[in-house]
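Step one of this worksheet: look at the structure below.
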Amino acid sequence: MSHDATPKMTDLERLRHSAAHILATAITKLWPEAQLAAGPPVENGFYYDIDLKHRITPDDFAKIESEMKAVTKANQTFERIVVTRQEAVKMGQAGRLGAQQDRPEPSRYKLDILEGIPDDEQITLYKNGEFIDLCVGPHVMRTGNVGAFKITHVSSSYYKGDEKNPQLQRIYGTAFKNKTEMEAHFTLLEEAKKRDHRKLGKELQLFHIDDEVGQGLILWTPKGAIIRQELQNFISEELRKQGYSQVFTPHIGKLGLYRTSGHFPYYKESQYPPIVERETLDLLAKEGCTCSELTNRLDAGEINGYMLKPMNCPHHIKIFASQPHSYRDLPVRLAEFGTVYRWEQSGELGGMTRVRGFTQDDAHLFVTEDQVPAEVKGCLSLVKLIFSKLNMTDYRVRVGLRDPDSNKYTGDPANWDKAEQACREAAASLGVPFSEEAGEAAFYGPKIDFVVKDVIGREWQLGTVQVDYNLPIRFDLNYVGSDGKQHRPVMIHRAPFGSMERFIGCLIEHFAGAFPTWLSPEQVRFLPVTEAQNEYARKLHEQCLAHNIRSVLDDSREKLGAKIRLAQLEKVPYMLIIGEKELNSDHVSVRSRKLNDEGPKPWAEFFTRLQGEISNRLA
RNA sequence: GCCGGUUUAGCUCAGUGGUAGAGCAGCGGUUUUGUAAACCGCUGGUCAUCGGUUCGAAUCCGAUAACCGGCUCCA
């Protein structure tokens, strides 16, 4: 029995998938020897993976596009052809799949894809002009239905996403019903790029990355540091309310600690190599250890040293384990803004969202088995509270479960089942949509992640809550139960922001650099109209400083328009203009970043409003 | 790490083999100014780094680094 497996697609996806075929048609006209792999629609367009000796560069785009233009102009029909497996294989061997005609080389990727199609599924080809491709569809009726398209960029990819497979060229494009819609899309992209945290971070002097310090290592400049500090204050207040205890731990720990936790050697690839003591090195030198031996022995973990900590849990566990616990003590909640270091691949680093050193707003909860559901819920509602305080509503919740086909997970399957169920129920209790995704769990337990998109549509995991039955076993953690016997606690790892770096990177884009007053590096700026008002403005400015309001006095000799422009560009929430009239009436003219000219207000009234806005952390 | 692109003043960017440019910022002066840019002048560069081709290189070639877009990875 065979059944039609045509996937569901939106109209736009269908159009873009067809555009991918038009691209493939153009490519095979220009380079008949090209071997095609796959060409699906994606979020903002489509791509086609091809294997081709000629390196496609942006210089080729115009040529490809004009060839595509010819295809849409010819208004060819997309013809769906059902074939038997034998017929398809025969065509593949003749090089006819993903091609304009028979070729000396077989269509090797198409043949491979064919093998992956289940026996009971229909095999379909799509034909436009002379171009035939193995494809489930669906497509638009005619090539002319693709009204506007553009090749946007080219990059590399691995066949089926596996590093061991051949490297292909991935040609990206976008397509729309018509030109107007495509133009609107590009305008939107331009606008989004203005909010890029890397651009704004530089313009607003929020952070700096310096080659001489190192890739992926963030230097927080004074203005960025204020935002980070304010967020830390905010979260610390919430933690105190919710019964957390603050701890501090060092940035390094002995290699053996990570052997116990299982992070070494499991994650050694993504860690900085150990810091080895001078005496150890001297000893190795006396033994005649060569550099390559040293590397091997470091890799094998035979040489002891100190690791820059890749996570905070082992340190926190040692605090928990430093004294005996009764069930009456639990939950124990240990919180720290802990800085960790991870050796990320150089090609993956970028801005503040993917870095090599970052500070997690971390905490570890040591709880009894019974407390797991309630504590997970508590953690989730904290994350939700923090997100809503910052008006970040555009996130999705992902419940990461184990991949049934993988054996990378540690621990008892029965515990996994319980933990996964607890995560599911907790996520459901949030009252926001969530998706369950197999294979997204941590190796030690399932987790619930809060995921947001950046300005160019990439997803980043921010807040996370993870249930862990594994580390308590590895570290032999215990508490005394009401029965007087030793019991194993369960650990919950959680970080509402994820990391300060990534979170603030996303926050910069979320607010487009215009932070709410409580977070703004500069909250209010006084703009005297002439020098005659400088003294009065200074008095008010100093009153603000005395009340912990971040105020600046612009007593430069610029004209008011110039002062306003500067303050506006620097995204200061409140500009207070003081001229002759204001000076004589104890008023300030308020110009807010949001509403522009709000007119004159009595100083005392505005000051109260400002204080309220800050202390209530209004967004 | 892999593929492709990029790198010129603090910032944004011109400059396709013949003596390094503009605007903004900075500094000095003049202007006392009412809701997004007053005027004049000055300073500022080993053209990412290293090597090569050439009579001559920002420009052509090679290596390295960083950045950008993907891929892979992501505790």
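Note that the coordinates shown come from a computational prediction; the quantities given were computed from them, not determined experimentally. Proteins get letters first, then strands, A, B, ... in listed order; numbering begins at 1 in each.
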Item to check | Whole angstrom value for the distance that separates C1' of B:G4 from CZ of A:Arg55 | outcome: 8 Å
Item to check | Contact check, side chains of A:Val355 and A:Glu344, non-hydrogen atoms, under 4.5 Å | outcome: no
Next on the checklist: Does A:Arg16 qualify as a cation-pi partner of A:Phe46, given the criterion of NZ or CZ under 6.0 Å from the six-membered ring centre and within 45 degrees of its axis?
Outcome noted: no
Checklist entry - For the side chain of A:Arg342 and the base of B:C74, is some donor closer than 3.5 Å to an acceptor across the two? => result no
Next on the checklist: Please give the distance between the C1' atoms of B:G18 and B:A58 as a whole number of Å.
Outcome noted: 13 Å
Checklist entry - Are A:Arg342 and A:Glu501 within salt-bridge range, i.e. N to O under 4.0 Å? => result no
Checklist entry - When only distance counts, do a donor and an acceptor, one from the side chain of A:Ser156 and one from the base of B:G70, lie under 3.5 Å apart? => result yes
Next on the checklist: Check the orientation of A:His263 and A:Tyr258. Use parallel for under 30°, tilted for 30 to 60°, and perpendicular for over 60°.
Outcome noted: perpendicular
Checklist entry - So what's B:U64 paired with, Watson-Crick or G-U wobble, going by both distances under 3.5 Å? => result B:A48
Checklist entry - Taking atom P of B:C3 as reference, at what distance in whole Å does atom CD1 of A:Ile56 sit? => result 16 Å
Checklist entry - Within the structure, does a side-chain N or O atom of A:Arg198 lie under 4.0 Å from either OP1 or OP2 of B:C67? => result no
Item to check | C1' gap between B:U8 and B:U46, integer Å | outcome: 12 Å
Checklist entry - Taking any strand in view, what nucleotide pairs with B:U12 in a Watson-Crick or G-U wobble way, both distances under 3.5 Å? => result B:A22
Checklist entry - Is it true that A:Phe443 and A:Tyr267 have ring centroids separated by less than 6.0 Å? => result yes
Checklist entry - Whole Å only: how far is the OH atom of A:Tyr159 from the C1' atom of B:C3? => result 19 Å
Checklist entry - Expressed in whole Å, how much space separates the P atoms belonging to B:A57 and B:U19? => result 12 Å
Next on the checklist: For a quick check, with a 4.0 angstrom heavy-atom cut-off, what is the B/S/- contact string for nucleotides 32-38 of chain B, read 5' to 3'?
Outcome noted: BBBBBBB
Checklist entry - How long is the line joining CG of A:Leu349 and C1' of B:C73, in whole Å? => result 12 Å
Next on the checklist: Counting only Watson-Crick pairs (N1-N3 plus N6-O4 or O6-N4) and G-U wobbles (N1-O2, O6-N3), all under 3.5 Å, who is the partner of B:G41?
Outcome noted: B:C27
Checklist entry - Want to settle it: does A:Tyr444 or A:Ser155 sit nearer the 5' end of RNA chain B, counting the closest nucleotide to each? => result A:Ser155
Checklist outcome for this item: From CD of A:Glu203 across to P of B:C13 the rounded distance in Å is 10 Å
Checklist entry - In whole Å, what separates the C1' atom of B:G5 from that of B:G41? => result 41 Å
Next on the checklist: Say we look at B:U33 and B:U7: how far apart would their P atoms be, to the nearest angstrom?
Outcome noted: 47 Å
Checklist entry - With both distances under 3.5 angstrom, what nucleotide forms a Watson-Crick or G-U wobble pair with B:A36? => result none
Item to check | Salt-bridge present (A:Arg494, A:Asp362; N to O < 4.0 Å) | outcome: no
Checklist entry - What is the pairing partner of B:G17, taking Watson-Crick or G-U wobble pairs with both distances under 3.5 Å in any strand? => result none
Checklist entry - Can you find a side chain N or O atom of A:Ser346 that sits less than 4.0 Å from OP1 or OP2 on B:G1? => result yes
Checklist entry - With a 4.0 Å cut-off on heavy atoms, is A:Arg458 in touch with a base, just the backbone sugar-phosphate, or nothing at all? => result sugar-phosphate
Checklist entry - Counting any heavy atom closer than 4.0 Å, what does A:Tyr172 reach on the DNA or RNA strands: base, sugar-phosphate only, or nothing? => result sugar-phosphate
Item to check | Validation row: A:Arg458, A:Thr353 side chains within 4.5 angstrom (heavy atoms) | outcome: no
Checklist entry - Given that A:Asp211 and A:Gln461 both sit by RNA chain B, which one's nearest nucleotide is further toward the 5' end? => result A:Asp211
Checklist entry - In whole Å, what separates the C1' atom of B:A36 from that of B:G62? => result 49 Å
Next on the checklist: Would you say the ring centers of A:His493 and A:Tyr444 fall short of 6.0 Å from each other?
Outcome noted: yes
Checklist entry - Applying a 3.5 Å limit to both distances, which nucleotide forms a Watson-Crick or G-U wobble pair with B:A57? => result none
Checklist entry - Would you call the rings of A:Tyr159 and A:Tyr109 parallel, tilted or perpendicular if under 30° counts as parallel and over 60° as perpendicular? => result tilted
Checklist entry - Reckon A:Ser157 touches a base, only the sugar-phosphate, or nothing at all at heavy-atom distances under 4.0 Å? => result sugar-phosphate
Checklist entry - Which whole number of Å gives the distance between the C1' atom of B:A63 and that of B:G70? => result 24 Å
Checklist outcome for this item: Here the distance between atom C1' of B:G5 and atom CG of A:Asp60, to the nearest Å, is 13 Å
Next on the checklist: I'd like to know if the side chain of A:Asp162 and the backbone of A:Tyr158 have a donor-acceptor N/O pair within less than 3.5 Å.
Outcome noted: no
Checklist entry - NZ of A:Lys193 versus P of B:U12: gap in Å, rounded? => result 15 Å
Item to check | Between B:C39 and B:G34 - P atom distance, rounded Å | outcome: 15 Å
Item to check | Side chain of A:Gln215 - closest among B:G4, B:A66, B:G70 | outcome: B:A66
Checklist entry - Taking atom C1' of B:C3 as reference, at what distance in whole Å does atom CG of A:Leu52 sit? => result 13 Å
Checklist entry - Can you check whether A:Gln345 has a side-chain N or O nearer than 4.0 Å to OP1 or OP2 of B:C74? => result no
Item to check | Sugar-phosphate, base or nothing in reach of A:Gln271, heavy atoms under 4.0 Å | outcome: base
